[in-house]
Amino acid sequence: MPKAAKSGIGRQETDSLVASLPSAAGADATAGSYQAFAPAPRPVGLDSEDSAAEEETEDAAASVGLLRDQTAKFPGTAHSDTGATDDGQYDDFETIDWLKDIGRHRRRRRELLRRARETWRGRLSVLVDGLSGWLCVGLIAIAAGLVAGIVDVGTAWMSDLREGICPGAFWLNREQCCWSANDTAMDAANEEAACQQWYPWPELIFDASATDPQNYALQYSLYVTWSLLFALLTATLVRSLAPYACGSGIPEIKTILSGFVIRGYLGWWTLLVKSLGIMLAVASGLSLGKEGPMVHMAACCGNIIARLFPKYNRNEAKKREVLSAAAAAGVSIAFGAPLGGVLFSLEEASYYFPLKTLWRSFFCSMVAASVLKLVNPFGNDHLVLFAVNYRSAWSALEVGPFVLLGILGGLFGAGFVKANVWLCRRRKLGALGRHPIAEVAAVASLTALAAFPNPYTRMGTARLVRLLFSRCGPEDVSELCDFGAVAVNGTATTGTGAAVVVAGDARLDAALWKLSIAYLFKIVATVFTFGIKVPSGLFIPSLAVGAIAGRIVGSLLEQLAAPNAAYFPFNRLCSAAAVAQGQPCVNSGLYAMVGAAAALGGVTRMTLSLVAIMLELTGGLEYSLPLMIAALTSKWVGDGLSGGGGIYEAHIRLNGYPFLASWERPAADAAAADVDDASALAGDVMRRPLRVLRQAEDTVDKINRLLAECQVNGFPVVLSADYHYLIGFVTRRDLVMAIEYYRKKDDSIVGQSVVYFADTPAAFADQPAAPNRRNSPKQLNLSRIVDLAPIAVTDQTPMFVVLEMFRKLGLRQTLVTRNGRLLGVITKKDALRYLENLS
């Protein structure tokens with residue numbers, strides 16, 4: 001059995017959100033150790049959870065939870081449903097107990113049903129309880145749709161503000177300004193000259209004409225200035241008001257949905273700063289997108305609105321179901337893809353996804369997209385800026401190029417993940433990690449300086465994707481569609497219909513060179529940008545990289561097919577009638593779309609949700625097979641070159657979050673005792689002797705000293721110091737609250753009072769009860785807070801069974817016994833260290 005490395009999964013740098021996983025005996029997360037490296041507290045956090053209507057799919061897990069969460073409670077403990085506890089059930093940076101929370105939900109539901117059988121008010125309460133879940137996700141969808149509309153409008157306006165303004169209506173972006181003037185020319189390389197109502201800054205401020213030699217230099221300098229200003233503003237907002245607003249947020253959302261508590265990550269301030277920051281970040285020209293952060297913003301809406309529903313506000317496990325629906329709404333509003341959002345939440349984000357959560361996610365995603373449709377942020381009835389509508393057919397001979405694009409996407413994804421993680425790790429250890437605002441300024445300045453000369457890097461990334469997705473036609477004047485004049489050899493005399501290029505145009509060659517440079521620029525810029533302290537997403541930059549590669553491949557294939565249209569295999573792609581009408585043989589926009597799907601799949605390793613999103617973007621089901629081929633090929637290539645998931649899983653491991661991925665499997669012959677030994681050698685997981693509570697030997701003072709010495713989330717209860725037979729398990733929170741409650745309630749409970757963790761002083765007949773002398777202090781019975789049915793395994797249990805228990809039951813820890821005698825504890829972070837050691 002290989003030993004666990006000394007630098008375990010939690011040994012990350014101190015500027016990480018979760019810098020280290022603390023040592024624990026019976027704990028998988030300690031609030032104090034995590035908090036030492038966390039950003040300063042925000043005004044609002046993820047502090048409480050919600051509960052949904054009863055689902056048939058959770059009966060088995062809830063039955064176990066009922067055993068773990070005892071019915072008898074005293075007021076003020078964490079088990080109490082009376083509301084007498086403090087603001088949250090779990091501490092910051094702590095893993096929730098799924099079984100206990102599901103058991104609490106079912107008990108609450110059972111109490112409602114009992115009241116419904118007695119009074120009409122009880123029946124009304126059951127009805128309101130059932131409808132509250134749908135009302136909650138509906139309000140979340142409305143809020144998320146409104147936020148997305150504001151972000152879309154603000155991003156488009158700020159992005160165009162770098163280059164100029166519409167003096168007659170300053171609140172309009174460039175496209176809307178040109179619509180108001182009825183200027184419809186669509187040449188992306190010369191948009192300023194095509195629109196008379198839009199004024200670049202040099203013309204407006206310095207009265208420099210478009211042909212003035214100084215115009216280019218003035219516009220260049222203003223472009224860089226605006227980019228730097230926007231980037232510095234968003235970095236300052238994030239650093240000073242909401243440090244959790246940086247990044248895309250999807251790795252943290254996945255971790256939160258798996259049961260981890262990060263207070264402040266889904267609060268008001270994070271939502272506000274993230275919304276404003278992503279507009280500024282996109283407008284700065286950095287190689288990032290706003291679609292990924294929209295998932296984070298939707299989850300913030302879900303957390304905030306869920307607090308308005310008391311039944312959801314007291315159950316961490318059930319609130320994760322609402323957050324899963326919010327994540328689906330985030331993708332829905334980001335791409336205008338409701339079905340893709342549901343599949344994204346199911347495939348990529350959610351950890352626990354019962355059937356009723358699927359229905360509510362579908363409803364939430366639908367309502368969010370409908371709200372965004374009503375807002376109409378782009379003024380063209382499209383939900384996204386780069387929506388297209390293809391209807392052209394594709395040939396079976398094009399499967400080869402589609403596979404090639406999938407391979408290129410997988411190579412790009414694997415290389416990007418490795419390069420970005422390497423850079424982020426070096427960033428934490430170097431000087432730039434200590435000066436995040438300076439790093440943002442440097443990246444923004446270099447990006448703007450390098451992007452301006454090339455029109456395909458100067459324009460916004462979403463606008464570039466829309467241009468690359470567009471199909472060429474006879475009316476197009478863009479240089480990307482200038483394939484040259486084509487004539488048809490006398491079809492009446494020869495009957496061959498062979499197409500021959502009679503005049504080529506150097507504009508297309510120049511465009512392909514510009515796209516090649518833009519391809520390399522986007523890759524390098526995205527590697528350096530993702531990870532700096534600004535809100536940033538990866539969806540759009542990845543789509544842009546793949547779309548450029550696909551457009552280049554499609555254009556080259558068109559140049560090869562058109563002159564050889566009469567010969568196999570190009571005669572299957574071209575028809576003489578289409579060539580004579582100026583129609584291209586190959587739809588380069590389709591290749592751009594397939595390449596975009598391949599690149600995004602290589603980076604994120606998504607499959608089902610990715611294909612659904614791309615289909616909803618294009619509106620053509622006939623392209624499902626090319627997209628599936630590209631997505632699956634890129635995933636296979638990416639997994640083969642860099643296993644362990646995509647970029648989000650890599651950042652989860654980089655930050656040390658306690659997330660058990662579903663694809664990680666250990667060797668079948670590894671036993672639970674091996675993990676115990678490996679963790680003990682690591683020095684921060686298992687401690688010998690194990691810190692435990694004795695059934696009837698510990699005093700109040702002794703327990704208080706134990707609590708002060710050991711910052712763990714719970715203690716096993718054993719029979720005695722000599723007989724470590726397992727009795728049960730007590731959480732730290734319940735123990736602290738119980739002692740405080742009884743000492744305030746009864747003055748006779750003093751430091752020397754013996755604490756009993758069982759109804760009788762001795763659990764076995766051969767163990768005599770401790771004598772209760774006349775002058776001894778009053779005893780304290782805390783048997784009601786003991787979990788008498790803790791999850792336990794024997795020391796010979798295979799590790800793959802233990803890991804499946806952690807995944808399927810959502811355990812925080814499991815006890816290891818032999819013939820009823822306690823040997824140790826396996827926590828969630830122990831399992832993570834074990835998997836990391838195997839890899």
Side-chain angles (χ1 to χ4, degrees), residues 26 28 48-85 88-91 94-116 125-126 129-130 132-133 257-261 306 309-324 351-357 713-714 716-717 727-735 737-738 782-792 805-815 828:
D28 66 296
S48 54
E49 306 303 328
D50 63 292
S51 148
E54 183 176 10
E55 287 102 4
E56 297 296 334
T57 56
E58 32 179 63
D59 287 347
S63 299
V64 181
L66 290 176
L67 294 175
R68 303 188 64 202
D69 197 14
Q70 304 300 315
T71 303
K73 313 174 214 40
F74 58 87
T77 65
H79 291 286
S80 177
D81 289 331
T82 62
T85 61
Q89 184 183 352
Y90 298 97
D91 294 326
E94 191 176 32
T95 303
I96 69 172
D97 192 327
W98 289 86
L99 296 180
K100 185 180 72 173
D101 287 350
I102 293 176
R104 293 177 64 243
H105 161 68
R106 288 184 59 83
R107 282 201 319 278
R108 187 194 62 81
R109 180 71 178 177
R110 185 180 296 122
E111 177 64 20
L112 287 176
L113 295 176
R114 183 189 65 79
R115 296 176 184 175
S125 298
V126 172
D129 182 76
S132 62
L257 291 179
S258 71
F260 197 57
V261 177
F309 296 83
K311 76 164 189 173
Y312 290 134
N313 202 28
R314 298 173 184 173
N315 195 301
E316 291 279 346
K318 302 303 293 181
K319 191 173 189 180
R320 265 68 186 164
E321 299 179 17
V322 175
L323 295 180
S324 295
Y351 193 84
Y352 175 60
F353 207 81
L355 184 59
K356 183 155 289 188
T357 302
N713 73 4
V717 179
I727 301 298
F729 190 85
V730 177
T731 65
R732 177 188 185 89
R733 183 183 181 85
D734 288 355
L735 186 61
M737 297 183 69
L782 297 184
S783 60
R784 285 180 289 179
I785 68 171
V786 179
D787 180 2
L788 297 177
I791 301 297
M805 291 173 63
F806 273 100
R807 292 192 184 99
K808 302 299 176 56
L809 298 179
L811 302 180
R812 306 170 81 182
Q813 68 275 319
T814 181
L815 305 177
K828 193 172 183 178

Measuring only between side-chain heavy atoms, which start at C-beta, is Ile791 closer than 4.5 Å to Phe729? no

CZ on Arg110 to NE2 on His105, rounded to 0.5 Å: 10.5 Å

Atom pair CZ/CD1 of Arg733 and Ile785 - distance to nearest 0.5 Å: 12.5 Å

Would Lys311 and Lys318 count as a side-chain contact (heavy atoms from CB on, under 4.5 Å) if you check the C-alpha gap in whole Å, the side-chain angles of each, and the deciding distance to 0.1 Å? CA-CA 9 Å; Lys311 76 164 189 173; Lys318 302 303 293 181; over 6 Å; no

When you compare the side chain of Glu321 with that of Lys356, does any pair of heavy atoms fall below 4.5 Å? no

Does Ser125 reach the side chain of Arg115, with side-chain heavy atoms less than 4.5 Å apart? no

Step-by-step salt bridge (charged side-chain N to carboxylate O under 4.0 Å, His left out) determination, Arg107 to Glu111: CA-CA 6 Å; Arg107 282 201 319 278; Glu111 177 64 20; over 6 Å; no

Check Asp129 with Arg108, please: is the shortest side-chain N to carboxylate O separation under 4.0 Å? yes

Passes side-chain contact (heavy atoms from CB on, under 4.5 Å), Val786 versus Asp734? Steps please. CA-CA 9 Å; Val786 179; Asp734 288 355; over 6 Å; no

Is the shortest heavy-atom distance from the side chain of Leu99 to the side chain of Leu811 under 4.5 Å? yes

Mind checking the CG-CD spacing from Asn713 to Glu94? Nearest 0.5 Å is all I need. 5.5 Å

Rounded to the nearest 0.5 Å, how far does CZ of Arg104 lie from CD1 of Ile102? 12.0 Å

Contact check, side chains of Trp98 and Arg812, non-hydrogen atoms, under 4.5 Å: no

Heavy atoms only: give me the nearest Ala306-Val322 pair and the separation to one decimal. CB-CG1, 4.5 Å

What's the separation between atom CG in Leu257 and atom CZ in Arg320, rounded to the nearest 0.5 Å? 7.0 Å

Salt bridge flag under 4.0 Å for residues Asp101 and Lys319: no

Answer yes or no: is there a donor N or O on one side and an acceptor on the other, between the side chain of Tyr90 and the main chain of Phe260, under 3.5 Å? no

Give, for atom OH of Tyr351 and atom OG of Ser324, the distance between the pair rounded to the nearest 0.5 Å. 12.5 Å

